[in-house]
Enquirer: 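First, the structure itself, so that you have it in front of you.
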Amino acid sequence: MTTTTTTTTTTPTATMAVTSATASTTATGSAGGAAGVPAARPATGPAAAPGSRIPTGASGPYAGPASGPGILPSASAASAASAEPATSAEPATASPHDPCAHGFLPERPPVRSMIGTWTRLDAMARAAAIVPDREAAVALVERAHRADELSALRQRVSRLSLRNAEAAAMRIAVIAVSCGWCGLDPQAPAAREVADGAFLDLWAAIAHRIDHDQFVALPTLALHNWVPERKPRRHIPIDQLARTEVLVPIVRWAPEGQPLSRLDRLMLAATRLEAHGIWLFRLAETLAGRSPDDSSTPTALRRLVRVQHALRAQLLAEAAELTAAPATPQQRAVLGALAEQGALEPPVLQAAEAVLGIGGRRMGEGRRQMMRRHLPAQHRAWLSAMDRHCAPVRTLAHRGGPDAAVYREAQESLIALRRTYTALVQAAARPTTGPLTAAA
């Protein structure tokens, strides 16, 4: 293994860590996730000018020492997998988000079980996920309204810690998509002609609590709906936990005692994709502000290609189990509704497109921002910063030579990764005759 030398340079705006461009660690084995994925660190280059790198909050880009080959940040970067009380004291504002620490995964494992009055929301979400059709899901909500359960929850939203508010948001999202309401704005007057008013009030209050009004989408449904099957014996980073442990859904889209459904497996695959994609976020930080002529740029792009190939191989490995899993018309309706809203975009793919610029050209700026609206504000801000700071690297698309060829290879590997993910979604949404092939 090549020894990594870390140098810290202080700028007027932040403390940024940069390391040797030749340092490369390959992640292998259960501790490191997918084989062949480099644990990339920012490469050495000229000291960045103020504002020339991606702002990552007060903590700055990840610069902590690795605890072993392929191991991501030390245990101090993530907390234990324990559920906190639904009314625990916690600051209303989130800590600055550093995607280099754990991507867009939550900073701690999601809350497995809510307590107190919120157990009613838990039960409602679990019931709504396994109903045969939307009418049955709507009937569940209406019964909760008549029993004043929804108004009782609405009055308690302000008491939720941020982490438990995110847990409640996941359950609200499950109910909303089960009822066919995922395209609604809960605060729009027209929504009350379609959906239950008390449920809309609760939905809007949760959205206000987490400062995110478009959370009914894949990131909330997947990244906040999993736990390790067994409690880890030690504190490990959240992304490593999601990579190395067997994951199970908190709210199942299949009845208890029956095999996981295709929708369950798709959501868990999206979570693992995010966890394995941590190196992509770090490479994005490496490329931010780089000149296309910088000698470290093609090195980072080659590593980006390897990361994307590993992510694609992971999706292909998920496909066999997914296509063999059961599915219901209701689950396919849920996927169809999310796809119609552009709400099935994995955050890690959005990060790759922010670096390589493919999404902006293919969809147009307005379409790209519409797909990002399902992410929290701090995540949208990070992606917008990547759009700006990776612009110099994207000029390689109009050049010739070996560096431009590496850039185009990175673009092609992202296109292949996106096609494989799309094929996985299609396999979950309708019956297929066999698993995905490598040519998908």
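In this text the structure is predicted, and so the values were computed from the model without any measurement. Numbering of residues begins at 1 and proceeds along the displayed sequence.
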Enquirer: Test your reading of the model: is there a side-chain donor-acceptor pair from D213 to the backbone of A207, 3.5 Å cut-off?
Expert: no

Enquirer: To the nearest 0.5 Å, what is the distance between CG on L223 and CG on L375?
Expert: 9.0 Å

Enquirer: Could you tabulate the donor-acceptor pairs under 3.5 Å formed by side-chain atoms of residues 189-206, not counting sequence neighbours?
Expert:
residue : atom : partner : partner atom : Å
R192    : NH1  : G197    : O            : 3.3
R192    : NH2  : D201    : OD1          : 2.4
D196    : OD1  : H145    : ND1          : 2.8
D196    : OD2  : H145    : ND1          : 3.3
D196    : OD2  : A198    : N            : 3.0
D196    : OD2  : F199    : N            : 2.9

Enquirer: Run L301 and L283 through side chain to side chain contact (heavy atoms under 4.5 Å, CB included) and show every step you take.
Expert: CA-CA 8 Å; L301 287 172; L283 286 166; over 6 Å; no

Enquirer: Just how far is it from atom CD1 of I130 to atom CD of Q330, taken to the nearest 0.5 Å?
Expert: 11.0 Å

Enquirer: I'd like to know if the side chain of Y407 and the backbone of L356 have a donor-acceptor N/O pair within less than 3.5 Å.
Expert: yes

Enquirer: Give the C-alpha distance, both sets of side-chain angles, the deciding distance and a yes or no for side chain to side chain contact (heavy atoms under 4.5 Å, CB included) between M114 and L160.
Expert: CA-CA 10 Å; M114 304 194 75; L160 286 173; 4.2 Å; yes

Enquirer: Do F281 and V348 have side chains that approach each other closer than 4.5 Å (heavy atoms only, starting at C-beta)?
Expert: yes

Enquirer: Is there side-chain contact between I172 and L121, with heavy atoms separated by less than 4.5 Å?
Expert: yes

Enquirer: Enter the distance from D239:CG to R272:CZ here, rounded to the nearest 0.5 Å.
Expert: 14.5 Å

Enquirer: Once side chain to side chain donor-acceptor pair (under 3.5 Å) is applied, what residue pairs with a partner in residues 174-186 remain, sequence neighbours excluded?
Expert: none

Enquirer: Atom CG in L268, atom CG in L322: separation rounded to 0.5 Å?
Expert: 10.0 Å

Enquirer: Atom CD1 of I175 and atom CZ of R126: how far apart are they, to the nearest 0.5 Å?
Expert: 11.5 Å

Enquirer: Would you tell me whether R312 and T420 have side-chain atoms, one donor and one acceptor, within less than 3.5 Å of each other?
Expert: yes

Enquirer: Which pair of non-hydrogen atoms, one from Q240 and one from T244, has the smallest distance, and what is that distance?
Expert: O-OG1, 2.8 Å

Enquirer: Quick one: does N225's side chain have a donor or acceptor within less than 3.5 Å of a partner on P249's backbone?
Expert: no

Enquirer: Using a cut-off of 6.0 Å, state whether more than 12 heavy atoms not belonging to H208 lie near its atom NE2.
Expert: no

Enquirer: Do H224 and P106 come close enough that some side-chain heavy atom pair is under 4.5 Å?
Expert: yes

Enquirer: Do you know which two heavy atoms are closest between L383 and A351, and how far apart they sit?
Expert: CD2-CA, 3.5 Å

Enquirer: Just by modelled atom types, is the A325 backbone N or O under 3.5 Å from a matching donor or acceptor in the R262 side chain?
Expert: yes

Enquirer: Sub-3.5 Å donor-acceptor pair from the side chain of T271 to the main-chain atoms of M267, do we have one?
Expert: yes

Enquirer: Is there a side-chain contact between L263 and V334 (heavy atoms, below 4.5 Å)?
Expert: yes

Enquirer: Please determine if E245 and K231 form a salt bridge, counting it only when a charged side-chain N lies under 4.0 Å from a carboxylate O.
Expert: no

Enquirer: Has H212 got a side-chain atom pairing as donor or acceptor with H374's backbone, closer than 3.5 angstrom?
Expert: yes

Enquirer: Within the 3.5 Å criterion, strictly below it, is a donor on N164 or S161 matched to an acceptor on the partner's side chain?
Expert: yes

Enquirer: Give a yes or no on whether a salt bridge exists between R372 and D387, defined as a side-chain N under 4.0 angstrom from a carboxylate O.
Expert: yes

Enquirer: If you define the side chain from C-beta out and look only at heavy atoms, does anything of M386 sit under 4.5 Å from E285?
Expert: yes

Enquirer: Please answer whether the main-chain N or O of E166 pairs with a side-chain N or O of R209 as donor and acceptor at a distance below 3.5 Å.
Expert: no

Enquirer: Minimum heavy-atom separation for L344 and P346, please, with both atom names.
Expert: O-CD, 3.3 Å

Enquirer: Does E353 come within less than 4.0 Å of R418, counting only side-chain N to carboxylate O?
Expert: yes

Enquirer: How far apart are the closest heavy atoms of A169 and I210, and which atoms are they?
Expert: CB-CD1, 3.9 Å

Enquirer: Show, in sequence, the C-alpha distance, side-chain angles and deciding distance for I278 and L105, and conclude whether the side chain to side chain contact (heavy atoms under 4.5 Å, CB included) test is met.
Expert: CA-CA 9 Å; I278 182 65; L105 289 165; over 6 Å; no

Enquirer: Assess the side chains of W279 and Q308: does a donor N or O sit below 3.5 Å from an acceptor N or O?
Expert: no

Enquirer: Hey, could you give me the CG/CZ distance between L150 and R143, rounded to the nearest 0.5 Å?
Expert: 12.0 Å

Enquirer: Check this for me, if you would: do R265 and E321 make a salt bridge, where the nitrogen-to-carboxylate-oxygen distance has to be below 4.0 angstrom?
Expert: yes

Enquirer: Using atom types as modelled and distance alone, determine if a side-chain donor or acceptor of T220 lies under 3.5 Å from a backbone N or O of F215.
Expert: yes

Enquirer: What pair of heavy atoms forms the shortest contact from A269 to Q314, and how long is it?
Expert: O-NE2, 4.2 Å

Enquirer: Check whether any side-chain heavy atom of L315 sits under 4.5 Å from a side-chain heavy atom of L417, and report yes or no.
Expert: yes

Enquirer: Hey, does the side chain of Q331 reach the backbone of W253 with a donor-acceptor pair shorter than 3.5 angstrom?
Expert: yes

Enquirer: Please determine whether side chain to side chain contact (heavy atoms under 4.5 Å, CB included) holds for the pair R156 and R159, giving the CA-CA distance in whole Å, both sets of side-chain angles, and the decisive distance to 0.1 Å.
Expert: CA-CA 5 Å; R156 290 167 171 78; R159 306 178 192 176; 4.0 Å; yes

Enquirer: Provide the closest heavy-atom pair for V177 versus C182 in the form atom of the first, atom of the second, distance.
Expert: CG1-CB, 3.6 Å

Enquirer: Could you tell me whether the side chain of L247 reaches within less than 4.5 Å of the side chain of V227, counting heavy atoms only?
Expert: no

Enquirer: Is the shortest heavy-atom distance from the side chain of V251 to the side chain of M170 under 4.5 Å?
Expert: yes

Enquirer: Sub-3.5 Å donor-acceptor pair from the side chain of D264 to the main-chain atoms of R252, do we have one?
Expert: no

